[in-house]
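Following: one structure in structure tokens, then a few remarks.
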Amino acid sequence: MQKVDQVIRLLVVDVIREKWGDPPGEAQVQVQKTRREFIGDFTVVVFPLLRYSKLSPEETGNVLGKYMVENSPMVSDFNVIKGFLNLVVAQSYWKEFLDGDLQSGSFGTIQADRESPLVMIEYSSPNTNKPLHLGHIRNNLLGHSISRILEATGNRVQKVNLVNDRGIHICKSMLAWKKEGNGEDPESTGKKGDHLVGDYYVKFDQMYKSEVQELVDQGKSREEAEAGAPVLGEAREMLRRWEADDPEVRTLWSTMNEWVYEGFETTYRRLGISFDNTYYESDTYKLGRALVLKGLEEGILYKKEDGSVWADLEEEGLDHKLLLRSDGTSVYMTQDVGTAHQRYEESGFNSHIYVVGNEQNYHFQVLAIVLKKLGYQWADKLYHLSYGMVELPEGKMKSREGTVVDADNLMDEMEATARKMSEELGKLGEYGEEEKNRIYRQVGMGALKYFILKVDPKKNMTFDPAESVDFNGNTGPFIQYTYARIKSVIRKGESIEKVTGAGKMNEKEIGLVRMMYEYPDILKEASRTLNPSLVANFLYELAKEFNQFYHDHSILSADSSDQVSLRLLLVEAIGRIIENGMELLGIEVPERM
RNA sequence: GGUUCCGUAGCUCAGUUGGACAGAGCAACAGCCUUCUAAGCUGUGGGUCGCGCGUUCGAAUCGCGCCGGAAUCACCA
């Protein structure tokens, strides 16, 4: 089916060529949605066209409008207000659209095939020394949703997780556990493994701090004390032994990491996210070294007297960047160079997205430049999805001050709130315990996910716990509730035949169809800009529009049987889009709530 | 100081390539359930779009300069 707004665009070109000669440029033909307060569906801005018509805005609009009504069955009426030509699309067009495209279960989405672009997306990428918190939740939800949106817009997507399982941080937890753990494990304590390991990370910090204080009391400067605290030395020694493959350290390391992975797995499952591939830094941290040495040979990089290897980025307006330490070992950047290279060699991706917080903007800027310098053309295919920090109303989350919002606790609280709200409203009386729990989970998680995804990823956001448990207004539960209402109507109207019939559609009905007409463009834009919030806000608008319609007009008791079946057709389409769109956000929709 | 990003109602956020009096939600107040789910709907109040200059028929949107905030600039990850 031809898209009306495209047809209108072509008609504008036709009129100008026919009446005034020159065809206008692309930028001159502006077609947009008509604002609510005016009559019409699409609006042509006539100002840019005055140079062709040499007429007043009103006259120009009239000429265009008259031509379109006379020459296209899709345009049924028009009005001109202050240089804006508002066009009314024929009802027959909207009906055909409702009957056709909108009845497809996959409306708005594009199926990927073997030829489709391959997008690699790395997200989550946790450290294994502590449990996931609110910041990770934003990362995970964004990564998952963007993956879904990319898939729905015709891409093959490979989701990968790069787990940071090695380094000084995990040694700190290991050391504290060795000193004070008395052999306890998740089973003996009943704690989730990631939380248990996290507790020892905190314990290490306490030991460290008290040692520092002791040294300061003995008269050392704070700086000396911080560098010289014995436990820190022991942790470093542990890392050396890890790198030397010391069996005892390696065993403890893999045991504690296993605890963490089990904990993470539970949290991931609960969040509803998954990966096609999980990489571990203990396997990849040596990658990149060879590429750097090759770059050195080719004279792209340079070596200092102490043996360290650097990239000179002054031409790009940046500093010099270290790639190999003087002892020949790698830094993070080196690893990322190697990992990117390996993934490109293996998959030949068309693009590679890194979902990583904006605190690493500099890192990814440098990564792209270094790869480019080393001669890899695909460096332009790397994209850093730099998302903003999640802050609390009182300010930043600080682990030292205990203001970090733990992911598991937060999910518990959201579900508990959903339960409380639901019980107060008393709507699920007749359902079984299992069914009820499922709905509480869906609603609680829906509230959390929507709350985070409705915000533009690149912006910092404030997470106000009080606001997040509000289930009214622009929230996940509002949209879920709208869906449940729709399903309820559909169940009651199951036996009714659905056809568009001969009746005339009213303003609200057309408004809803017109809104759904935009859905494919919303998905494309969300895919292009890697921005799930566009989908979230669209669904909210649609749900709101539906609720107004639902309030003003009866669906099953409409005036005529034609109207009943048309409205059912309409409502089913809305339900499908809400379900589909929410799925792209990783949010489940309940049949009842 | 360099680089990147941000500044819209009391609060949290929309505002697609510049377009018609700048929109929601929350909070406040006032209404609507013998009718398909009131987690809903309707109404009222609330704004120098950080400030200034410029480009343009037209600027929250683009450019420049300020002011304010964030991140980052490690032989850390």
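A note on names: the letters A, B, ... follow the listed sequences, proteins ahead of strands, and every chain is numbered from 1.
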Closest nucleotide among rA20(B), rC73(B), rA77(B) to the Q360(A) side chain: rA77(B)
Roughly, in whole Å, what's the span from CZ in F84(A) to P in rC21(B)? 8 Å
Looking only at the side chain of D319(A) (C-beta and beyond, no hydrogens), which of the listed nucleotides rC73(B), rG40(B), rA14(B) gets closest? rC73(B)
Residues Y517(A) and D5(A): side-chain donor-acceptor under 3.5 angstrom: yes
I want to verify a distance call: between rC21(B), rA38(B), rG7(B), whose nearest atom is closest to the Y481(A) side chain? rA38(B)
May I ask you to verify if any side-chain N or O of K454(A) is less than 4.0 angstrom from the OP1 or OP2 atom of rA24(B)? no
Rounded to whole angstroms, how far apart are CD1 on I369(A) and P on rU3(B)? 13 Å
Please tell me whether N358(A) and Y387(A) have a donor and an acceptor in their side chains that are separated by less than 3.5 angstrom. no
Does R35(A) place a side-chain N or O at less than 4.0 Å from the phosphate oxygens OP1/OP2 of rA22(B)? no
The nucleotide from rU37(B), rC21(B), rC6(B) with an atom nearest the side chain of E37(A) is rC21(B)
Ignoring the backbone of Y332(A), work out which of rA14(B), rA20(B), rA77(B) is nearest its side chain. rA77(B)
Which nucleotide in the list rC41(B), rU4(B), rC73(B) gets nearest to the side chain of N361(A)? rU4(B)
Answer whether the closest heavy-atom distance between the side chains of V489(A) and L568(A) falls below 4.5 Å. yes
Mapping R528(A) and S330(A) onto RNA chain B by nearest heavy atom, which one lands closer to the 5' end? R528(A)
Compare side-chain N and O positions of R485(A) against OP1 and OP2 of rA38(B) and report whether any pair is under 4.0 Å apart. yes
Among rC13(B), rG19(B), rC36(B), the nucleotide that comes nearest once only the side chain of V45(A) is considered: rG19(B)
Would you classify rC32(B) as syn or anti? Syn applies when the glycosidic angle is within 90° of 0. anti
Checking all strands, does Y362(A) fall into the base, sugar-phosphate, or nothing category for heavy-atom contacts under 4.0 angstrom? sugar-phosphate
Interatomic distance where CG belongs to N460(A) and C1' belongs to rU12(B) [whole Å]: 14 Å
Distance-only donor-acceptor check, side chains D165(A) and S282(A), under 3.5 Å: yes
What nucleotide, of rC6(B), rU37(B), rC76(B), holds the atom closest to the side chain of R325(A)? rC76(B)
Nearest of rG19(B), rC26(B), rC41(B) to any side-chain atom of N547(A)? rC41(B)
Would you mind telling me which residue lines up with the more 5' stretch of RNA chain B, Q548(A) or K458(A), judged by nearest nucleotide? K458(A)
Quick one: which of rU37(B), rA77(B), rG19(B) gets closest to the side chain of N127(A)? rA77(B)
